[in-house]
Amino acid sequence: VTAILERAARPFISAERYGARLEALRRLVHETGGTALLAGPGAELFYLTGYQAMALERLTLLVVPADGEPVLIVPRLERDPAEHSPAGGAGLVAVRTWEETQDPYALVTKALQSSLPNLRSPHTFFIGDRLWAMFVLRIEATFPGSRLALASDVLKGLRLRKDAEEVDLLRAAAHAADRVVTSIVHGRLVGRTERDVAREVVERLIDEGHDGADHGQIVASGPDSASPHHVGADRVIEAGEPLVLDIGGSLGGYASDTTRTVWITGDRGVGPDDEFVTIYDAVRRAYDAAVAAVRPEVACESVDAAARGVIARAGYGAHFVHRTGHGIGLEVHEDPYIVAGNDRPLEPGNAFSIEPGIYLEGRYGVRLEDIVVCTDDGVDVLDEAPRELAVVSG
Ligand code: ZN
Ligand code: ZN
């Protein structure tokens, strides 16, 4: 019953919000002189309509013309889910279906003609960043001489600024991941393979309300923890070594991504050595410095520099081998990237990870990761799993 109540209370994106997104996008396509945005299954389609479409060899395409009504073209057998999607159900998009023997590209032409009586040529289409080449080439052939640009050119600015409902979903996903990482850390670890623990992570994420958790869970023990993207494999976790858990999935379409590093003592109580304590402390202070740097107008690269400076001063600059963070939302990695060279100023609603790390090859590594949101005057840290060094028996 509790689970049912919690699911019922899950935050959701209202039809009104989808309407506002579609209209804001249409205006951007219009202002840039584009003909239409064409997006297939994936984050862009979901962002604009709430429709979680299957990526198939059959064409599914959202057409958002510069003027006129957005049209969602789907294979006949997908009509029901498309019509019952938030935007379909609210009449924000016209759902048009094609039969197995029909040419779906004729529907694309029709969707544009009905809304643009005087089609300008050559056309500029904003094409979904991850639309398959087989569809892109057919669109190009259907509209010869058209100019193709990335959908993110017009969509990025909108998706970068998370609204309150999106932040609620990111927070719900973060809290679920926090509960999972905390329970795994305090469970049995010694003698199990990393892969076995990774499997438990996926199960628990689903139990905690995630819809899916199919991007590889990072379970890295002992020397494996010195590799930032080590995915749980056959190594057996031992006493007297650290464990890096970097876990996540998606809840209501929004991603979680949390990392905690613990030290496992085992029965004999083999505690962390001095250097491990030193690097954990440096990573923790780097995390604090980066979080403290987050506020509107601060450049993304300044947040990276805040974390990097702490680790460099501790003498481990060469061992912090990746950027400090990445944007997060409908995709685990999206704009804004918290990296040197990115001078984009932060804006309220930007959501991203702060995840400094130190990796000593052949020995071990430490990483700490939370998701934060830039607010009107500072930062909102979404994750709340404890951040002090946990020394557990395992
Ligand atoms: Zn992560
Ligand atoms: Zn991350």
Side-chain angles (χ1 to χ4, degrees), residues 43 159-160 162 166-167 169-171 173-182 184-185 194 197-198 200-202 204-205 208 210 212-221 224-233 242-251 253-262 280 283-284 286-287 290-291 294 300-301 303-304 306-308 311 320-340 342 346 350-359 364-374 379-387:
R159 286 181 56 192
L160 266 164
K162 268 68 180 176
E166 292 183 285
V167 173
L169 279 160
L170 283 167
R171 194 187 314 275
H175 287 181
D178 289 340
R179 290 194 291 274
V180 173
V181 85
T182 306
I184 299 259
V185 157
E194 295 170 343
V197 173
E200 186 186 344
V201 168
V202 172
R204 284 184 181 265
L205 284 170
E208 290 287 354
H210 279 65
D214 48 8
H215 32 90
Q217 307 299 331
I218 296 176
V219 179
S221 61
D224 286 350
S225 62
S227 169
H229 272 172
H230 175 85
V231 172
L243 180 71
V244 172
L245 284 165
D246 184 346
I247 69 165
S250 78
L251 187 154
Y254 284 79
S256 60
D257 187 6
T258 304
T259 307
R260 289 295 180 269
T261 302
V262 296
Y280 193 97
V283 167
R284 175 65 208 269
Y287 164 92
V291 169
V294 176
C300 290
E301 62 184 355
V303 177
D304 180 78
R308 212 161 290 283
I311 289 176
F320 179 13
V321 293
H322 53 73
R323 63 191 175 210
T324 294
H326 52 82
I328 191 166
L330 291 171
E331 291 171 285
V332 198
H333 290 182
E334 59 180 49
D335 285 295
Y337 292 96
I338 309 302
V339 63
N342 184 7
L346 289 174
N350 290 170
F352 51 92
S353 70
I354 301 274
E355 49 179 309
I358 295 177
Y359 309 92
Y364 45 52
V366 170
R367 182 167 64 261
L368 186 57
E369 174 179 27
D370 281 339
I371 303 306
V372 306
V373 178
C374 180
V379 64
D380 180 4
V381 179
L382 303 189
D383 288 278
E384 50 188 21
R387 294 176 198 96

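Whatever order the structure lists them in is the order used to number ligands and atoms, beginning at 1. Note that these values count all heavy atoms, side chains included, but never hydrogens, waters or copies made by symmetry. For reference, positions follow the sequence shown, starting with 1. What you are looking at is a predicted structure, and each value in this text was computed from that prediction instead of being measured.
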Nearest heavy atoms of Asp304 and Ile338, plus distance in Å: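 Closest approach of Asp304 to Ile338, heavy atoms only: OD1-O, 3.5 Å.
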
Quick check: of its N, O or S atoms, which one does Glu369 have closest to the Zn ion (ligand 2)?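 The Zn ion (ligand 2) is closest to the Glu369 atom OE2, counting only N, O or S.
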
State the atom name: nearest N, O or S atom of Asp257 to the Zn ion (ligand 2).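 Of the nitrogen, oxygen and sulfur atoms in Asp257, the Zn ion (ligand 2) lies nearest to OD2.
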
N/O/S of His333 less than 2.8 Å from the Zn ion (ligand 2)?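 Under 2.8 Å: His333 has no N, O or S contact with the Zn ion (ligand 2).
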
Is it the case that the side chain of [X] and the backbone of [Y] share a donor-acceptor pair, with hydrogens and angles ignored and the cut-off at 3.5 Å?
{"X": "Asn342", "Y": "Tyr337", "result": "yes"}
{"X": "Arg260", "Y": "Ala385", "result": "yes"}
{"X": "Glu384", "Y": "Asp178", "result": "no"}

The Zn ion (ligand 1) and Glu355: any N/O/S contact shorter than 2.8 Å?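 So Glu355 does not bind the Zn ion (ligand 1) by this criterion.
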
Is there a side chain to side chain donor-acceptor pair (under 3.5 Å) between His175 and Glu208? Walk through the geometry before answering. CA-CA 9 Å; His175 287 181; Glu208 290 287 354; over 6 Å; no

Name of the Asp246 atom (N/O/S only) found closest to the Zn ion (ligand 1):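 Going by distance to the Zn ion (ligand 1), the closest N, O or S atom in Asp246 is OD1.
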
